[in-house]
Amino acid sequence: MSDTPVDASKRTWIIASSCAGVVGGAFTAVPFVSSFQPSERAKAAGAAVEVDISALKPGEKMTVEWRGKPVWIVRRTPEQLADLPKLDNQLADPKSQRKPDELTPAYARNEGRSIKPELLVVVGICTHLGCSPSDKFQPGPQASLPNDWQGGFLCPCHGSTFDMSGRVFKNKPAPDNLEVPPHMYLSDSRLLIGEDNKA
C-alpha cells in the first residue's frame with residue numbers, strides 16, 4: 001500500500017462530493033421523516049379554536065368550525081332569555097339531565113345552557129341523524145312550526161325543533177338536546193372552543 005499523499009485538488013474534490021452527498025441525502029430524508037408527523041389539517045381538527053365575538057350583536061349567530069363540526073355562537077336578546085323558562089313543560093330534557101357528561105358540561109346545566117346567559121354555544125348538528133338545523137329565531141306562526149313558536153331551531157330533515165338554548169321539544173325524532181362543546185371565555189370579546197380548564 002502506497003503512502004503517497006493525495007494531492008490538494010483531489011482532496012478538495014473528494015470533500016466537495018462527500019458534502020454534496022450528505023446534503024442530498026438530508027433533502028431526501030426530510031420529506032420521508034416529515035410524513036410521519038400529523039398534517040396541519042389533522043392538528044387543526046383537534047385543536048381549540050379562538051373566536052372574536054366582539055362584533056356579534058343581540059339576535060345574531062355566527063358559525064365556526066371545530067373538529068370538523070359547525071359550532072354556533074348566538075347572542076340572545078333579553079326577550080329570548082325571558083322566554084326560556086316558559087318552555088320547560090314543552091321540552092324533552094329542560095334541565096339537561098340526559099347524557100350530561102356527553103352533551104352538556106356542568107357549567108352549562110342551567111336554563112340558558114351557557115356560561116354567560118346571553119351567549120349560547122352549541123354544536124349545530126341535530127342529535128337525530130346528524131342534519132344541520134335551520135335558524136328560526138323569529139317568533140310566531142311559520143311553516144312547520146307551532147303557532148306559539150318563541151324562536152329557536154328547526155331541523156328540516158325530520159321536523160325536530162329546539163329552543164333558543166338548543167333544548168329539544170317533546171315528541172320529536174331528535175332524542176337529545178344539541179351538544180354544548182367545551183368552551184371558556186378568554187375575555188369579554190374572545191371565546192375559546194375546545195378547552196374549558198374544567199370551568
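The first residue of the sequence shown is numbered 1, and numbering continues consecutively from there.
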Rounded to the nearest 0.5 Å, how far does [atom2] of [Y] lie from [atom1] of [X]?
X    : Y    : atom1 : atom2 : result
L84  : M164 : CG    : CE    : 8.0 Å
S165 : L91  : OG    : CG    : 8.5 Å
S189 : L56  : OG    : CG    : 11.5 Å
D93  : T104 : CG    : OG1   : 7.0 Å

What pairs with [X] under side chain to side chain donor-acceptor pair (under 3.5 Å), at least two apart in sequence or on another chain?
X    : value
N89  : none
E79  : T77
R190 : E50
K61  : D135

When you compare the side chain of [Y] with that of [X], does any pair of heavy atoms fall below 4.5 Å?
X    : Y    : answer
N177 : L103 : no
L186 : L191 : no
I73  : I193 : yes
Q80  : D83  : no
L145 : K136 : yes
E179 : K69  : yes
Y185 : I53  : yes

Partners of [X] by side chain to side chain contact (heavy atoms under 4.5 Å, CB included), sequence neighbours excluded?
X    : result
S144 : L154
P146 : D148, W149
E102 : K99

(message) So, using salt bridge (charged side-chain N to carboxylate O under 4.0 Å, His left out) as the criterion, who are the partners of R167 when residues are at least two apart?
(response)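 Salt bridge (charged side-chain N to carboxylate O under 4.0 Å, His left out) check on R167 returns D88, E111, D163.
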
Check [X] against [Y] and note the closest heavy-atom contact, atom names and distance.
X    : Y    : result
S54  : D52  : OG-OD1, 2.7 Å
A82  : P85  : O-CD, 3.4 Å
F162 : S160 : CE1-CB, 4.0 Å
P181 : Y107 : O-OH, 4.0 Å

If only atom types and distance count, is the side chain of [X] paired as donor or acceptor with the main-chain N or O of [Y] below 3.5 Å?
X    : Y    : value
R76  : E60  : no
Q90  : L87  : no
Q142 : G140 : yes

Would you give me the side-chain donor-acceptor pairs under 3.5 Å for residues 119-133, sequence neighbours excluded?
unit_1 : atom_1 : unit_2 : atom_2 : d
T127   : OG1    : D176   : N      : 3.3
T127   : OG1    : D176   : O      : 2.6
S132   : OG     : G124   : O      : 3.2

(message) Quick check on the hydrophobic clustering: are V74 and L178 connected, directly or via other members, by side-chain heavy-atom contacts under 4.5 Å?
(response)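 Shared cluster, yes.
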
(message) With salt bridge (Lys or Arg N to Asp or Glu O under 4.0 Å) as the rule and sequence neighbours excluded, what pairs involving residues 120-131 come up?
(response)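 Residue pairs with at least one partner in residues 120-131: there are none.
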
(message) Going by salt bridge (Lys or Arg N to Asp or Glu O under 4.0 Å), name the pairs with one or both residues in residues 113-127, residues two or more places apart or in two chains.
(response)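 Output for this query lists K116-D188.
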
(request) Could you tell me which residues satisfy ring-ring contact (aromatic ring centres under 6.0 Å, His included) with F137, sequence neighbours excluded, listed by chain and number? (result)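 Testing F137 for ring-ring contact (aromatic ring centres under 6.0 Å, His included), a comparison that skips the adjacent residues, returns F153.
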
